Amino acid sequence: MKFGGTSMAGTERIRRVAGLVRAQAAGKGGARNEVAVVVSAMAGETDRLINFCREANPLHDPAEYDVVVASGEQVTSGLLALTLQSLGERARSWLGWQIPVRTVQSHAKARVEAIEAPEMLETLKQGEIAVIPGFQGVSQDGRVTTMGRGGSDTSAVAVAAAIGADRCDIYTDVDGVYTTDPRIVAKARKLKAVTYEEMLELASVGAKVLQTRSVSLAMKAGVRLQVLSSFVEDSANASADDLLGTLIVSEEEMDQMVEKGLMERQLVTGIAHDKTEAKVILTRVPDKPGAVAHIFEPLADASINVDMIIQNVGRDKGETDVTFTVPQADLARAQALLEDRRDLIGFNRIITDSQIAKISVVGVGMKSHAGVASTMFRALSDRGINIQAISTSEIKVSVLIDEDETELAVRVLHTAYGLDAVE
């Protein structure tokens with residue numbers, strides 16, 4: 001079980017979480033479940049600790065930064081263990097270095113290398129609940145490390161894989177994965193299940209339910225995930241077996257669920273939107289080998305993520321226009337890097353636009369059905385929404401449109417693919 005910062009924000013909410021954990025541990029029919037819990041810091045706490053580091057030393061040592069920011073999860077793990085004990089449960093906290101959660105790579109963005117937890121596994125068998133601070137581990141030289149923002153999701157999946165858990169329940173402030181953002185489309189439906197591939201695509205194109213890295217780790221390790229809310233009224237003191245969230249599973253398990261009649265197979269699973277990208281157009285780029293490499297190599301070296309890339313058909317003069325998108329936060333840096341290399345690249349002008357939105361249609365059903373893209377283009381055309389760029393993958397079609405038309409496009413497409421809930 002993994003609980004985010006909003007679920008751990010204060011003693012009352014921690015008491016509610018303890019009730020959920022206790023109910024899950026109790027199991028059914030007298031058979032107790034072995035439960036490990038991963039917790040985030042209280043909402044806003046990590047930001048507060050980061051600000052302390054900046055005030056202490058703007059050029060702070062990343063290793064000491066990790067020591068400070070990892071303390072938020074240490075506090076909530078201890079408080080949850082204490083609260084469970086007050087309810088009569090056997091519980092203890094296990095810090096990252098005590099398990100240990102071994103990590104590699106740099107401080108503040110470490111990756112889990114291995115989790116060896118024989119002692120913790122033994123206590124789980126004896127009925128003790130393990131409470132683990134998310135986001136933190138220990139480096140090869142024994143220093144505390146942290147995994148970057150959203151790292152607690154990854155911690156939870158890694159722990160679930162290491163102990164061979166039947167399922168990893170991610171409790172958030174939403175009660176599952178929806179066909180689109182319910183704040184935009186009132187008729188959005190909660191999905192019973194999605195595949196790892198679909199969740200990865202949805203997470204990468206704007207759905208902010210789960211951290212992308214946690215989903216890819218779950219897919220690699222074969223960990224079944226469930227997304228559900230700790231705030232639903234009837235969730236207090238209830239087992240996750242009775243709270244229907246959204247399962248994230250393999251394609252094989254999804255096929256089995258469809259065969260058993262537990263759910264219907266949809267052509268399209270969801271519509272996602274993202275307003276955080278900016279469009280860059282380089283005009284009159286020489287249409288010759290190596291020209292595109294000169295554009296994207298400096299961006300890669302600066303760790304600027306490039307998403308959609310479109311190169312127009314070459315003109316008679318041996319020139320072409322190249323269009324691509326970058327995160328809005330990196331637009332100024334990207335523009336400066338390209339201007340510095342104007343002579344090497346040989347382009348004429350840089351045109352940028354940050355008032356855009358990326359709308360994506362995602363679904364594994366696309367693999368075996370034609371016409372998904374044409375339905376998208378026709379639906380947008382009928383409402384006068386202009387498409388500025390297109391990119392596709394095996395289970396996704398994304399388009400760039402004007403930011404002002406985001407909500408309209410999402411509603412139109414949600415209806416066009418028959419995703420609206422039936423009243």
Side-chain angles (χ1 to χ4, degrees), residues 1-4 7-8 12-39 77 80-94 117 120-132 134 153 155-177 190-194 196 209-210 218 221-250 252-263:
M1 304 173 76
K2 183 266 174 180
F3 294 91
S7 301
M8 304 300 293
E12 279 305 311
R13 288 191 175 174
I14 290 174
R15 193 167 285 113
R16 184 184 181 92
V17 166
L20 290 166
V21 174
R22 186 188 190 193
Q24 191 67 44
K28 290 183 177 179
R32 279 183 65 88
N33 289 318
E34 295 174 22
V35 177
V37 188
V38 172
V39 294
S77 61
L80 180 56
L82 286 169
T83 308
L84 285 165
Q85 288 169 6
S86 75
L87 297 176
E89 294 288 341
R90 291 176 55 214
R92 70 154 282 190
S93 60
W94 293 81
M120 190 177 80
L121 280 167
E122 193 55 43
T123 62
L124 287 172
K125 288 176 186 173
Q126 294 167 10
E128 187 173 85
I129 297 169
V131 186
I132 303 155
D153 284 349
S155 294
V157 174
V159 168
I163 66 176
D166 295 326
R167 193 177 68 229
C168 178
D169 292 336
I170 308 282
Y171 285 84
T172 69
D173 49 8
V174 294
D175 62 347
V177 180
K190 186 169 73 173
L191 297 161
K192 286 184 181 178
V194 298
Y196 294 125
V209 180
L210 285 175
V223 174
R224 299 169 76 245
L225 296 177
Q226 181 174 217
V227 177
L228 63 174
S229 173
S230 55
F231 297 104
V232 179
E233 279 306 310
D234 60 1
S235 70
N237 302 318
S239 163
D241 301 322
D242 303 317
L243 295 171
L244 297 177
T246 300
L247 281 169
I248 299 161
V249 296
S250 66
E252 292 74 21
E253 184 171 346
M254 178 73 89
D255 290 338
Q256 289 168 11
M257 293 174 75
V258 172
E259 285 173 19
K260 291 175 183 176
L262 298 175
M263 63 177 295

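We're numbering straight along the sequence, starting at 1. We use all heavy atoms of the structure for the numbers below, so side chains are in, but hydrogens, waters and symmetry mates are not. This structure is a prediction, so every number in the text was calculated from the model and none was measured.
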For [X] versus [Y], what's the shortest heavy-atom pair and its separation?
X: L124; Y: A36; value: CD2-N, 4.3 Å
X: A160; Y: C168; value: CB-CB, 3.9 Å
X: A25; Y: I129; value: CB-CD1, 4.0 Å
X: A91; Y: Q85; value: O-NE2, 2.8 Å
X: Q126; Y: R90; value: O-NH1, 2.6 Å
X: N33; Y: G27; value: ND2-CA, 3.6 Å

Ion pair check, K2 and D153, cut-off under 4.0 Å | yes

Using the side chain to side chain contact (heavy atoms under 4.5 Å, CB included) rule, pick out the option among V174, D175, D169 that qualifies with Y171.
-> D169

Do side-chain atoms of [X] reach the backbone of [Y] as a donor and acceptor pair under 3.5 angstrom?
X: T83; Y: R15; result: no
X: R92; Y: T123; result: no
X: R16; Y: S230; result: yes

Spatial distance of atom [atom1] ([X]) from atom [atom2] ([Y]) [nearest 0.5 Å]:
X: I14; Y: L84; atom1: CD1; atom2: CG; answer: 10.5 Å
X: L82; Y: S77; atom1: CG; atom2: OG; answer: 9.5 Å
X: K192; Y: M254; atom1: NZ; atom2: CE; answer: 11.5 Å
X: L80; Y: I132; atom1: CG; atom2: CD1; answer: 11.0 Å
X: L210; Y: T172; atom1: CG; atom2: OG1; answer: 7.5 Å
X: E128; Y: E122; atom1: CD; atom2: CD; answer: 11.0 Å

Taking the side chain as C-beta and beyond, is there a heavy-atom pair between R224 and D166 under 4.5 Å?
-> no

